[in-house]
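Structure record follows, encoded as structure tokens.
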Amino acid sequence: MLQKPERLIVDGKRLDGRAFDELRPVKIVVGPLHRADGSCYIEHGKNKVMAAVYGPREVHPKHLQEVTHAIVRYRYNMAPFSVEDRKRPGPDRRSIEISKVSREALESVILKEYFPRSTIDIFVEILQADAGTRVAALNAASVALADAGIPMKGLVSACSVGKVDDTLVLDLSKEEDNYGQADMPVAIVANTGEIAFLQMDGHMTQEEFRKALEMAIDGCKQIYKLQREALLAKYGGLENE
Ligand code: CDP
């Protein structure tokens, strides 16, 4: 367990030296898994996340089929070794909730009506967790969907914002997440400006909320740029073929 620091902001700086509106370093690898239809590996700070997409494919069990559109399934899973105290394997209330809200965010962009009676299955494995895993998972899933060639209105790009020592900060570190006053993960569809996902844990004033949302949207746009660059690095040349 991390020791509770006396302060999370010292001399106008965060404990890891970042500016208030600065993301942790993000690395995106497109298509590392060859048996999935699409995949993505993301390192976001010390988080390590792998996403795999299968489909569109036939739905099993069949009674889940929808005649007008594809169904989308999303499984967020934390590996037992991903956290400091070993996590009991298998789903728990937290992972079921994260899977549900993340699926809803992605369902808002996937053009499901193109694939009636099919399923699009998204699996996200958290290999190492260090705060902000649900947003890193969404970012990876969104790129993996694009890698699988699933038609979408746009990419979903996510990051969190929060309040620590009465100050709004972007992309909470583990200490800030554990000992801060509020944590708000947000996802946007960068090319339409829609908000696809927003949760809040803790308290903010209305004014803080407005400012926090602005900061989060800025952070999501930075993530979008990195997702786009990673996809173009793999697929950009295809335009000329
Ligand atoms: O990861 P995210 O910020 O989306 O979700 P959270 O529920 O706010 O969890 C914050 C962090 O707590 C995670 O990223 C993990 O580092 C840690 N955690 C843990 O150590 N053990 C768990 N069973 C769940 C979370």
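Note that this is a predicted model, so its numbers are computed, not measured. Order of appearance sets the numbers: ligands from 1, and atoms from 1 within every ligand. Just so you know, these numbers use all the heavy atoms, side chains as well, and skip hydrogens, waters and symmetry mates.
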Legend entry - Enumerated ligand 1 atoms positioned under 4.0 Å from heavy atoms of Asp177: 3 (O), 8 (O), 10 (C)
Legend entry - Enumerated ligand 1 atoms positioned under 4.0 Å from heavy atoms of Ala129: 15 (C), 16 (O)
Inset, instruction - May I ask you to decide whether Glu207 forms a salt bridge with Lys211, counting only side-chain N to carboxylate O separations under 4.0 Å? - result: no
Inset, instruction - Before accepting this row, confirm whether a basic side-chain N of the pair Lys153/Glu194 lies closer than 4.0 Å to the acidic partner's carboxylate O. - result: yes
Inset, instruction - Answer whether the closest heavy-atom distance between the side chains of Tyr41 and Leu33 falls below 4.5 Å. - result: no
Which heavy atom of the protein is the closest neighbour of [atom], given with residue, atom name and distance?
atom	result
atom 21 (N) of ligand 1	Val83 CG1, 3.5 Å
atom 4 (O) of ligand 1	Arg134 NE, 2.8 Å
atom 1 (O) of ligand 1	Thr133 OG1, 2.5 Å
atom 13 (C) of ligand 1	Ala131 N, 3.8 Å
atom 17 (C) of ligand 1	Lys174 CE, 3.8 Å

Could you pull out the closest heavy-atom pair between [X] and [Y], with the gap in Å?
X	Y	answer
Val124	Ala141	CG2-CB, 4.3 Å
Ile150	Ile110	CG2-CG2, 3.8 Å
Ala146	Met152	N-CE, 3.6 Å

Legend entry - Main-chain N/O of Ser173 paired with Asp130 side-chain donor or acceptor, under 3.5 Å: no
Inset, instruction - Between Asp92 and ligand 1, find which residue part has any heavy-atom pair under 4.0 Å and reply side chain, backbone, both or neither. - result: neither
Inset, instruction - May I ask whether Arg94 places a heavy atom under 4.0 Å from ligand 1? - result: yes
Legend entry - Gly132 N/O to ligand 1 N/O under 3.5 Å: yes
